[in-house]
Amino acid sequence: MALLKMAERDGLPSWLRPWLEAERNARQLRCFHPTLIPALLQTENYARAVIRCDDLLSEAEVERRVTARMDRQDVLRQENPPQLVVVFDEGVLHRASGAC
């Protein structure tokens, strides 16, 4: 299972890998996103709409990234999840998702 997860991560941007490792080991996560719902709180449809804003991505790549984003949320379902502190603008909840 660890090798499978490693293989999945290899398709992610190199700058994201250290963050994902830190995220998995954190006791507390703090996020500030003034314009988007943070990735750890996104629904699958919201994540897909946001990721599709990059019109250079193929549909397969969009779906791969959506899956990777949803997999990140496992950190919140583990036995001792980190405390999650999130600040975002309330307007994010009222805007249509994926408005690029």
Would the distance check show the side chain of Glu23 and the main-chain N or O of Pro18 forming a donor-acceptor pair, the cut-off being under 3.5 Å?
no
Do Pro82 and Val75 make a side-chain contact, defined as non-hydrogen atoms from C-beta onward lying under 4.5 Å apart?
yes
Is any side-chain heavy atom of Arg69 less than 4.5 Å from a side-chain heavy atom of Glu44?
no
Residues passing the side chain to side chain donor-acceptor pair (under 3.5 Å) test with Gln28, sequence neighbours excluded, are Arg30, Gln83
Taking the side chain as every heavy atom from C-beta outward, state whether Phe88 and Pro34 have any pair of such atoms under 4.5 Å apart.
no
Flag yes if Leu93 and Val86 sit in one hydrophobic cluster, no otherwise; membership is Ile, Leu, Val, Met, Phe, Trp, Tyr, and two members link when side-chain heavy atoms are under 4.5 Å apart.
yes
Given Glu21 and Asn25, is the side chain to side chain donor-acceptor pair (under 3.5 Å) satisfied, shown in steps?
CA-CA 7 Å; Glu21 187 64 30; Asn25 296 314; 3.1 Å; yes
For a 4.5 angstrom cut-off between non-hydrogen side-chain atoms, does Tyr46 reach Ile37?
yes
Distance check, rounded to the nearest 0.5 Å: Gln42 atom CD versus Arg48 atom CZ?
11.5 Å
When you look at CZ of Arg77, are more than 12 heavy atoms from neighbouring residues, nucleotides or ligands closer to it than 6.0 Å?
yes
May I ask you to test the Glu59-Arg52 pair for a side-chain heavy-atom distance under 4.5 Å?
yes
Can you find a pair of side-chain heavy atoms, one from Thr67 and one from Met70, that are under 4.5 Å apart?
no
Is there side-chain contact between Arg24 and Trp19, with at least one heavy-atom pair below 4.5 Å?
no
Drop me the distance from Cys53's SG to Ile51's CD1, to the nearest 0.5 angstrom.
9.5 Å
Is the closest side-chain heavy-atom distance between Leu84 and Leu41 below 4.5 Å?
yes
Rounding to 0.5 Å, atoms CG (Asp89) and CG (Leu36) come to a distance of 11.0 Å
Are Val66 and Leu57 linked, directly or through other ILVMFWY residues, by side chains that come within less than 4.5 angstrom of each other?
yes
